[in-house]
Amino acid sequence: MQKICVFCGSSPGKGTQYKAAAIALGEKLAEQKIGLIYGGAKVGLMGEIAKTVLDRGGSVTGIIPRALVKKEVAFTDLPDLRIVNSMHERKALMSELSDGFIALPGGLGTIEELFEVLTWAQLGIHQKPCGILNVAGYFDAMIAFLDKLVHEKFMLEAHRQMIIVDDKADRLLEKFANYTYAEIDKAKWALDLKNS
Ligand code: AMP
């Protein structure tokens, strides 16, 4: 793992635990010399993790659409801030530059980015690890819903198992380092279900 993309809230969330987790993950990334790729904002958990990695001498690449720079949320002090034309370009570049993807707590933007990389993993478009840092049980209800997808036969158990979950940053990074991608043919599974 040389570079990991972190999706997280452009808000800090309620209480202090989410900010503490963003800082803890940033510290681990810098310590393990893993570069941070992220959305390039200076606000919320995004700003916290970027500042932490930078302060500890780590590498940070921010990728932000022009429209958000104008709204003055860009972390303009970043040595590597890339300004792109659209949200689609941002996600494509984040994906291309990263060896794995972690979601910290966040809102719709975070969830949307996480589910995109998960569906791309399921389709075999990339073979990179995708994980969730489940800070203070923030994602419990979402994880339970993913299990329902499997139970109701809309998702393969093997695809569910691809999603790496932990509540500690160092353990999550260790699981990323040991991850191997297993190709599973979802189309064949869907056909088998149809014929059964
Ligand atoms: P949210 O979780 O809704 O706060 O959105 C955060 C995620 O979506 C980040 O990972 C960003 O890539 C993107 N995003 C959403 N809103 C913003 C914003 N105001 N500034 C920068 N990125 C944002």
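Since this is a predicted model, take the numbers as computed values, not measurements. Values below: all heavy atoms of this structure, side chains included; hydrogens, waters and symmetry mates excluded. Just follow the structure's listing: the first ligand is 1, and inside any ligand the first atom is 1.
- Those atoms of ligand 1 with a heavy atom of Gly106 less than 4.0 angstrom away are 2 (O).
- Counting atoms of ligand 1 from 1 in the listed order, those under 4.0 Å from a heavy atom of Phe7 are 10 (O).
- Note on Tyr38 and Val117: separate hydrophobic clusters, where clusters join Ile, Leu, Val, Met, Phe, Trp and Tyr whose side-chain heavy atoms are under 4.5 Å apart, directly or indirectly.
- Ligand-side atoms of ligand 1 in range of Gly9: 2 (O), 4 (O), range being under 4.0 angstrom from any heavy atom.
- For Glu31 and Arg56, the salt-bridge test fails: no basic side-chain N is under 4.0 Å from an acidic carboxylate O.
- Within ligand 1, counting atoms from 1 as listed, the ones closer than 4.0 Å to a heavy atom of Cys8 are 6 (C), 7 (C), 9 (C), 10 (O).
- Neither the backbone nor the side chain of Glu112 comes within contact range of ligand 1; no heavy atom lies under 4.0 Å.
- For Lys71, no heavy-atom contact with ligand 1 is shorter than 4.0 Å.
- At a heavy-atom cutoff of 4.0 Å, ligand 1 is contacted by the side chain of Val73 but not by its backbone.
- When the shell of 6.0 Å around CD of Gln2 is examined, it contains 12 or fewer heavy atoms from other residues, nucleotides or ligands.
- Close N/O approach between Glu113 and ligand 1 is found [any backbone or side-chain N/O within under 3.5 Å].
- Remark: ligand 1 atoms within the under-4.0 Å shell around heavy atoms of Ala41 are 20 (N), 21 (C).
- Taking any N or O of Gly109, backbone or side chain, at least one lies under 3.5 Å from an N or O belonging to ligand 1.
- Taking a 6.0 Å sphere around CG of Leu193, one finds it holds more than 12 heavy atoms contributed by other residues, nucleotides or ligands.
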